[in-house]
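To start, the structure under review is shown below, and the notes come after it.
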Number of protein chains: 2
Amino acid sequence: MVSGETRKADDASVALAVSTVIFALRRDEASGLATVWLPLVRRIREPFDGLWALPGGPLGAAEDLATAAGRTLGETTGLIPGYLEQLYAFGNADRSPGPRVVSIVYWALVQSEEAERASVGENVQWFPADDLPALAFDHNLIVDYALWRLRNKMEYSRIAHAFLGETFTLTQLREVHEAVRGRPLDPANFRRFIEGSDAVVATDQRVTGTRHRPPRLYRYNTSIDLADQGPLSRLNERREP
Amino acid sequence: MVSGETRKADDASVALAVSTVIFALRRDEASGLATVWLPLVRRIREPFDGLWALPGGPLGAAEDLATAAGRTLGETTGLIPGYLEQLYAFGNADRSPGPRVVSIVYWALVQSEEAERASVGENVQWFPADDLPALAFDHNLIVDYALWRLRNKMEYSRIAHAFLGETFTLTQLREVHEAVRGRPLDPANFRRFIEGSDAVVATDQRVTGTRHRPPRLYRYNTSIDLADQGPLSRLNERREP
DNA sequence: TCAAGTAAGGGTCATTACAACCCTAAGTCC
DNA sequence: GGACTTAGGGTTGTAATGACCCTTACTTGA
């Protein structure tokens with residue numbers, strides 16, 4: 001008959017971790033097509049010593065969850081995401097051998113240029129999101145879910161610009177959608193769709209030096225953004241069958 | 001450079017709680033219209049002593065998160081939900097005075113008849129979801145978010161039957177949608193929509209004793225359900241702007 | 001200097017989803 | 001038997017979407 005907010009868990013050995021699935025796009029030199037990649041971190045202790053895992057770490061004492069996700073991501077990979085949203089809390093009793101771990105997982109997007117700059121070494125590497133090796137814990141499941149959320153959300157939301165810089169052409173924006181959704185989109189229809197939603201604002205600049213008609217540069221319409229995540233805003237989710 | 005899955009939080013005083021927002025429909029005697037209600041539990045200790053709060057409790061040592069949500073819900077309210085899904089993990093550092101609490105919140109639906117049977121007393125009461133008093137912690141925010149998720153999901157998903165019994169008429173199903181979405185729906189269009197999706201299967205039974213043409217009873221098409229929650233199934237979410 | 005090549009950017013048209021609306025069917029009630 | 005009520009089926013107009021076409025404006029190569 002009592003709300004349990006302030007009771008402690010009976011078993012104090014439940015550890016709380018925060019992890020982040022962060023995506024960037026990479027262009028394949030051969031085909032010219034972009035695909036979705038993510039950085040993973042090699043574990044250097046048991047369990048799953050030597051396997052690849054999501055970047056993450058423990059929750060700081062006075063730290064919000066999203067802050068912890070950003071901080072641990074930065075500490076392990078050096079990346080600063082342009083978009084960050086809670087994905088799911090994974091806490092099945094059998095998801096980890098040894099002591100019980102509940103992971104609150106975030107998913108994030110980062111610009112390609114930013115991704116290039118980030119530290120990569122023996123213990124941090126980028127992998128193609130739909131062709132991963134066996135990961136530590138239930139992290140394959142987590143990545144699959146995050147990838148599905150990304151694809152789903154790309155269809156109704158305005159997150160694509162988090163993969164791009166300040167300004168971009170509609171073709172670049174279309175290529176982001178094509179990379180995530182995995183199929184080509186009609187350029188004319190895409191243009192009409194984007195300009196119909198006021199997701200984007202035309203600048204008066206154009207890209208010169210291409211071998212064709214110079215495309216106009218666009219900027220994201222930040223007057224709609226406001227807050228973009230979680231329970232504070234209703235701008236961020238929509239459907240699934 | 002290390003995945004933090006098995007490290008403990010620096011501050012062991014972070015408590016992990018599981019709470020549930022559970023909705024049922026109630027028909028207003030006067031207007032005949034149904035609205036969304038939820039049960040709350042009165043707190044009997046500090047902080048927020050005497051205020052109403054969501055049912056919940058601590059996570060058991062070897063217990064999955066959803067199991068803990070169902071268990072604590074049953075212990076405090078006696079309700080057994082027909083639908084249960086994770087909502088969000090609330091963990092802002094300032095969401096509770098005193099020791100740090102991270103709450104993993106679930107949302108659930110229960111049949112009206114089941115809701116009637118459940119224990120109600122001085123410390124458990126039902127409230128209309130749109131018109132709540134000031135609740136303990138950030139629970140007003142949580143309920144608002146859950147309500148928004150319910151309304152959103154009702155538009156693309158097949159969860160409405162969780163408010164109803166084994167069999168039901170299309171008018172009953174339509175009234176559920178109307179109650180949640182808060183506006184009347186065209187009966188003919190609704191019928192076509194539902195029969196077009198194979199969400200529902202006609203039985204050969206009809207309801208007799210009404211003062212009009214006897215309506216056919218339907219049953220939900222369980223061959224599509226399979227799993228319905230979380231990362232294990234892709235059947236459960238969709239859009240938001 | 002000019003033709004070929006390429007993507008930008010604007011348009012049309014057929015198909016489809018959906019909302020508004022109408023009409024008949026099949027019971028009960030008086 | 002006639003009025004009343006909801007079930008349940010149909011039609012029509014409109015908006016959204018995909019497939020496709022055409023012109024524009026630049027670069028490149030002959």
Side-chain angles (χ1 to χ4, degrees), chain A residues 27 31-34 152 154-158 160 164 167-219 238-241, chain B residues 27 31-34 152 154-158 160 164 167-219 238-241:
Chain A
R27 189 176 296 274
S31 71
L33 296 174
N152 189 275
M154 186 70 70
E155 292 187 2
Y156 58 79
S157 187
R158 308 165 49 253
L164 299 170
T167 59
F168 45 84
T169 66
L170 288 192
T171 295
Q172 290 177 311
L173 189 63
R174 177 169 51 80
E175 286 170 346
V176 171
H177 279 85
E178 289 175 337
V180 172
R181 294 161 70 163
R183 65 185 168 94
L185 300 173
D186 183 283
N189 291 336
F190 183 79
R191 173 178 302 274
R192 190 180 30 166
F193 174 76
I194 290 295
E195 287 182 336
S197 78
D198 46 344
V200 111
V201 179
T203 70
D204 52 2
Q205 301 163 40
R206 291 173 183 274
V207 177
T208 57
T210 61
R211 69 169 66 180
H212 53 76
R213 179 172 172 173
R216 185 184 289 273
L217 280 172
Y218 288 79
R219 183 185 306 279
R238 255 205 189 162
R239 296 189 209 159
E240 323 183 19
Chain B
R27 187 176 295 275
S31 71
L33 295 175
N152 189 276
M154 186 69 72
E155 290 186 4
Y156 59 80
S157 187
R158 307 165 50 252
L164 299 171
T167 58
F168 45 84
T169 67
L170 288 191
T171 295
Q172 289 177 311
L173 188 64
R174 176 169 51 81
E175 285 170 348
V176 170
H177 278 86
E178 288 175 338
V180 172
R181 294 162 69 164
R183 65 184 168 96
L185 300 173
D186 183 283
N189 291 337
F190 182 78
R191 172 177 304 276
R192 195 178 23 167
F193 175 75
I194 291 294
E195 288 181 336
S197 78
D198 45 347
V200 111
V201 179
T203 69
D204 51 3
Q205 302 163 37
R206 289 174 183 274
V207 177
T208 57
T210 61
R211 70 169 66 178
H212 52 76
R213 177 172 171 173
R216 185 182 290 273
L217 281 171
Y218 288 79
R219 182 185 307 279
R238 253 205 194 162
R239 290 189 214 162
E240 324 182 21

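Treat the numbers as computed from the prediction; the structure is a model and nothing was measured.
Whole-Å rounding puts the A:Gln172 CD to C:dA7 P distance at 14 Å. Note: CZ (A:Arg206) to C1' (D:dA25) measures 9 Å, nearest angstrom.
Rounding to the nearest 0.5 Å gives a distance of 8.5 Å between OG1 of B:Thr169 and CZ of B:Arg174. How far CE of B:Met154 is from CZ of B:Arg181: 8.5 Å, rounded to the nearest 0.5 Å. Here the CZ atom belonging to B:Arg158 is positioned 10.5 Å from the CG atom belonging to B:Leu173, to the nearest 0.5 angstrom. In this structure, CZ in A:Arg27 is found 8.0 Å from CG in A:Leu33, a value given to the nearest 0.5 Å.
Between the axis at the start and the axis at the end of the helix from C:dT1-D:dA30 to C:dC30-D:dG1 there is an angle of 10°, using five pairs per end and rounding to 10 degrees.
Comparing C:dA7, D:dC20, D:dA7 by their nearest atom to the side chain of A:Asp186 picks out D:dC20.
Looking at every heavy atom in both residues, A:Ala34 comes nearest to A:Ala179 through O-CB, 3.3 Å. The two atoms that bring B:Leu185 and B:Glu178 nearest to each other are N-OE2, 2.9 Å, heavy atoms only. Minimum interatomic distance between A:Ala202 and A:Arg216 (heavy atoms only, all atoms of both residues): CB-CD, 3.6 Å. Nearest approach of B:Pro214 to B:Val207, heavy atoms of both residues: CB-O, 3.2 Å.
Using a 4.0 Å cut-off on heavy atoms, the residues of residues 189-196 of chain B that approach DNA chain C are B:Asn189, B:Arg192, listed by number.
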Identify the pairs formed between an N or O of the protein and an N or O of nucleotides 27-30 of chain C at a distance under 3.5 Å, and give each distance.
{"residue": "C:dG27", "atom": "N2", "partner": "B:Arg211", "partner atom": "O", "Å": "2.9"}

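Contact check, B:Arg174 against D:dG8: no side-chain N or O comes under 4.0 Å of OP1 or OP2.
The environment of CZ in B:Phe193 is sparse: at most 12 heavy-atom neighbours from other residues, nucleotides or ligands sit within 6.0 Å.
Residues A:Glu195 and A:Tyr218 bring a donor and an acceptor atom of their side chains to less than 3.5 Å of each other.
Using a 4.0 Å heavy-atom cutoff across all strands shown, A:Thr208 reaches no nucleic acid atom at all.
Checking each of A:Asp204, A:Thr203, A:Leu170 against A:Leu217 for a side chain to side chain contact (heavy atoms under 4.5 Å, CB included) leaves exactly one that passes, namely A:Thr203.
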